[in-house]
Amino acid sequence: MPNIFDFKLVFELIPRLLVYLPVTLEITILSMFFGLVLGLVLAIIKIKRIPVLYRLTVLFVSFMRGTPILIQLYITYYGIPIALKYFNYYNGTDYTVNNIPAMLFVLLAFTMNEAAYTSESIRAAIQSIDKGQLEAANSLGMTYFQTLRRIIVPEAFEVALPTLGNTLIGLMKGTSLAFVCSVVEMTAQGKIIAGNNYRYFEVYVALSIIYWALTIVIEQGIKRIEKKMSINDVKIVRRSGLHDRSAESV
């Protein structure tokens, strides 16, 4: 009987695939960070309904949420050079993307995609904050940016954390599409290995084990953060309760 499935080969492939784990993590972490920053800006624009920017934001979010990330990667990777050629033609310039690493196109596409999704989560989280706290901040003379930094962002982050955790997991798995922009990460390396030894099934089983393990690590990390936040909330409530009782006794 032929060797249909080589179980030992799966575990031999995992270290070879993990060599490219830093590339996967780089795409995930950087895209999530810049996506959160841009998502916060988009959420504020939608909440404040800033003229012109509001309509552009609605259009941007609708497009990014309504099209596959694979198509967005293709548009970014092939569209930007084409747009640059038109710009050079009409403006007499000579800009080129030849020296720009493919990784930047990947980061741009994933960042915009994450910004569109996280903006809705952040917007909902911000709107769930008790308006009394915002009114209290205004009465203390705090500027909007002070209120944003001290009250809105921390509380909104706590509310949106479970959703953002799921988004992070989806982003990490989505990085497997980065190979369409000539970026070699774990999945791309798996395709290269499988093309050499023709053991496609073993390669993809090895990849699935790695992504599954990464998902578990992220889930546990999110749970720890949630637990730590809940402990801090209890401490704050207890301190405020002691303060109230001491004030009453006086």
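The figures here come from the full heavy-atom set of this structure, side chains too, leaving out hydrogens, waters and symmetry mates. Every value quoted in this text rests on a predicted model; they were computed, and no experiment measured them.
Looking only at atom types and distance, the side chain of Thr187 has no donor-acceptor partner in the side chain of Tyr204 under 3.5 Å away. At a cut-off of 3.5 Å, with distance as the only test, no side-chain donor of Gln220 or Arg224 sits close to an acceptor on the other residue.
Remark: the backbone N or O of Arg199 is paired with a side-chain donor or acceptor of Asn197 at under 3.5 angstrom. With Ser119 contributing its side chain and Ala116 its backbone, the two residues share a donor-acceptor pair below 3.5 Å. Put simply, the side chain of Ser31 never gets that close to the backbone of Thr28: no donor and acceptor are under 3.5 Å apart. Using modelled atom types, one side-chain atom of Gln146 and one backbone atom of Thr143 make a donor-acceptor pair closer than 3.5 Å. In this structure, Ser139 contributes its side chain and Ala136 its backbone to a donor-acceptor pair below 3.5 Å.
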Show your reasoning for whether side chain to side chain contact (heavy atoms under 4.5 Å, CB included) applies to Met172 and Leu25.
CA-CA 8 Å; Met172 183 268 298; Leu25 295 180; 5.6 Å; no
Glu120/Arg65 under salt bridge (Lys or Arg N to Asp or Glu O under 4.0 Å): CA gap, chis, key distance, verdict
CA-CA 10 Å; Glu120 290 300 294; Arg65 287 164 60 93; 5.5 Å; no
Chi angles and distances behind the side chain to side chain donor-acceptor pair (under 3.5 Å) call for Gln72, Thr67
CA-CA 7 Å; Gln72 294 168 21; Thr67 56; 2.9 Å; yes
Test log, rule side chain to side chain contact (heavy atoms under 4.5 Å, CB included), inputs Glu26 and Glu185
CA-CA 10 Å; Glu26 180 183 0; Glu185 38 67 62; over 6 Å; no
What verdict does the side chain to side chain contact (heavy atoms under 4.5 Å, CB included) test give for Thr118 and Met32, after you've listed the backbone C-alpha separation in whole Å, the side-chain angles of each residue and the deciding distance to 0.1 Å?
CA-CA 9 Å; Thr118 57; Met32 191 65 187; 4.3 Å; yes
With side chain to side chain contact (heavy atoms under 4.5 Å, CB included) as the test, would you mind laying out the steps for Phe157 and Ile122 before giving the verdict?
CA-CA 7 Å; Phe157 178 75; Ile122 294 172; over 6 Å; no
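Ring pair Tyr95/Phe87 is tilted by interplanar angle, where 30° to 60° counts as tilted.
Rounded to the nearest 0.5 Å, atoms CD (Glu114) and CG (Leu107) are 12.0 Å apart. Between the CG atom in Leu21 and the CD1 atom in Ile14 there is a gap of 12.0 Å [rounded to 0.5 Å]. For the atom pair Thr147 OG1 and Met142 CE, the distance stands at 4.0 Å (nearest 0.5 Å). Atom NZ of Lys173 and atom CG of Leu168 lie 11.0 Å apart (nearest 0.5 Å). Leu148 contributes atom CG, which lies 6.5 Å from atom CD1 of Ile126 (distance to the nearest 0.5 angstrom). One distance of note links CG of Leu108 with CG of Asn113; it measures 11.0 Å at 0.5 Å rounding.
Closest approach of Val23 and Val184 over heavy atoms only: CG1-O, 3.7 Å. Shortest non-hydrogen contact noted between Met64 and Ala109 is CE-O, 4.4 Å. Smallest separation of non-hydrogen atoms from Gly165 and Ile218: O-CG2, 4.5 Å. The two residues Tyr198 and Gly195 make their nearest non-hydrogen contact at CZ-O, 3.9 Å. Between Leu17 and Met186, the closest heavy-atom pair is O-CG, 3.4 Å. Leu13 and Ala206 get closest at one heavy-atom pair: CB-CB, 4.1 Å.
Both Leu104 and Leu30 are assigned to one and the same hydrophobic cluster, defined by single-linkage of ILVMFWY side chains at heavy-atom distances under 4.5 Å. Cluster annotation: Val10 is connected to Leu207 through the hydrophobic network of ILVMFWY side chains, with a link wherever side-chain heavy atoms come within less than 4.5 Å. Val19 and Val205 fall within a single hydrophobic cluster, where Ile, Leu, Val, Met, Phe, Trp and Tyr side chains are chained together by heavy-atom contacts under 4.5 Å. There is a path of hydrophobic side-chain contacts, each under 4.5 Å, that joins Phe33 to Leu214. Tyr117 and Leu38 fall into different hydrophobic clusters, where Ile, Leu, Val, Met, Phe, Trp and Tyr are joined by side-chain heavy atoms under 4.5 Å apart, directly or via other members.
Residues Ile27 and Val183 form a side-chain contact, since some pair of their non-hydrogen atoms from C-beta on lies under 4.5 Å apart. Between Leu36 and Leu164, the closest side-chain pair of non-hydrogen atoms falls below 4.5 Å. Under the 4.5 Å side-chain criterion, counting only non-hydrogen atoms from C-beta, Tyr77 is in contact with Ser182.
Taking the ring centre of Tyr54 as origin, the terminal cationic atom of Lys48 falls outside the region bounded by 6.0 Å and 45° from the ring axis.
Environment of OH in Tyr211: crowded, with over 12 heavy atoms of neighbouring residues, nucleotides or ligands closer than 6.0 Å.
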